[in-house]
Amino acid sequence: MERLWHISRKQPSTASADALVCHHNLCFVEIKGWIKFLENLHLTGERQFTDREEERLKGRILKQVGHYDFQKKLLSSIEVCEDITGTPDLLSALPVAFILVTDINPETSPLEVFSMQLSMLANTSTDWKKVCTEAMSRRLASQITSIHTYFVYCKDFDHLIKSL
């Protein structure tokens with residue numbers, strides 16, 4: 001819909017949220033997958049890395065996260081919605097949320113954390129999924145401060161929407 005809106009105004013398309021959900025809130029949804037990214041870096045299995053390799057790989061993850069401009073996508077999406085609905089100040093008209101959905105679980109259970117810590121002590125290996133989620137969480141928190149934000153595992157998305 002965003003692309004058609006820009007075409008109708010003879011404007012170039014801009015980055016916008018991946019989805020829009022209207023339940024009791026207007027929710028802009030951004031989806032970020034990491035499993036394939038980690039697989040491409042060969043980071044999904046148990047493997048030992050030197051400190052230098054770990055730093056280089058963490059740098060690649062941070063570089064990838066650095067490309068995410070959540071604030072720009074949200075603002076562009078709000079602009080499109082305001083124009084389509086004829087509501088000039090959408091943020092004050094109804095509750096708005098930004099939901100970042102990912103294919104790795106950003107909230108691990110205490111048992112998983114304990115298991116990861118034991119594994120890290122035994123193998124001195126980095127939990128790459130944790131590196132990804134921490135980096136995305138920091139990026140989200142630094143970019144969007146004026147509305148509610150949620151960072152959820154894709155399997156928890158329906159439950160979150162029902163609870164909003």
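- Interatomic distance, Asp18 CG to Phe28 CZ, rounded to the nearest 0.5 Å: 12.5 Å.
- Residue Arg52 qualifies as open at atom CZ: its count of foreign heavy atoms under 6.0 Å is 12 or below.
- With a 4.5 Å cut-off on side-chain heavy atoms, Leu26 and Leu20 count as touching.
- Heavy atoms only, all atoms of each residue included: Leu38 and Cys132 are closest at CD2-SG, 3.7 Å.
- Both Tyr68 and Ile144 are members of a single hydrophobic cluster when ILVMFWY side chains are connected at heavy-atom separations under 4.5 Å.
- Under the 4.5 Å side-chain heavy-atom criterion for grouping Ile, Leu, Val, Met, Phe, Trp and Tyr, Leu41 is connected to Trp34 within one hydrophobic cluster.
- Under the 4.0 Å criterion applied to side-chain N and carboxylate O atoms, Glu53 and Arg56 are not assigned as salt-bridge partners.
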N/O donor to acceptor pairs below 3.5 angstrom from side-chain atoms of residues 69-78, sequence neighbours left out:
unit_1: Asp69; atom_1: OD1; unit_2: Lys72; atom_2: N; d: 3.1
unit_1: Gln71; atom_1: NE2; unit_2: Gln143; atom_2: O; d: 3.4
unit_1: Lys73; atom_1: NZ; unit_2: Glu30; atom_2: OE2; d: 2.8
unit_1: Ser76; atom_1: OG; unit_2: Thr14; atom_2: OG1; d: 2.6
unit_1: Ser76; atom_1: OG; unit_2: Ala15; atom_2: O; d: 3.2
unit_1: Ser77; atom_1: OG; unit_2: Ala17; atom_2: N; d: 2.7
unit_1: Ser77; atom_1: OG; unit_2: Lys73; atom_2: O; d: 2.8

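- Heavy-atom contacts from other residues, nucleotides or ligands closer than 6.0 Å to NE2 of His159 number 12 or fewer.
- Met136 and Leu57 fall within the same hydrophobic cluster, where Ile, Leu, Val, Met, Phe, Trp and Tyr residues are linked whenever their side-chain heavy atoms come under 4.5 Å apart, directly or through other members.
- Distance check: Thr133 OG1 to Arg138 CZ gives 9.0 Å after rounding to the nearest 0.5 Å.
- Here Ile161 is tied into one hydrophobic group with Val21, Val29, Ile31, Ile99, Val101, Tyr150, Val152, Phe157, Leu160, Leu164, each link being a pair of ILVMFWY side chains closer than 4.5 Å.
- Here ring-ring contact (aromatic ring centres under 6.0 Å, His included) pairs that include residues 75-95, with residues two or more places apart or in two chains, number zero.
- When side chains are defined from C-beta on, Lys129 does not count as touching Leu43, because their heavy atoms never get closer than 4.5 Å.
- Distance check: Asp83 CG to Ser8 OG gives 8.0 Å after rounding to the nearest 0.5 Å.
- Heavy atoms of other residues, nucleotides or ligands lying less than 6.0 angstrom from CG of Asp89 number more than 12.
- One distance of note links CD1 of Ile104 with NZ of Lys32; it measures 13.0 Å at 0.5 Å rounding.
- With rounding to the nearest 0.5 Å, the separation of CZ in Arg139 from CZ in Phe151 is 13.5 Å.
- Between the CZ atom of Phe37 and the CD1 atom of Ile61 there is a distance of 6.0 Å, given to the nearest 0.5 Å.
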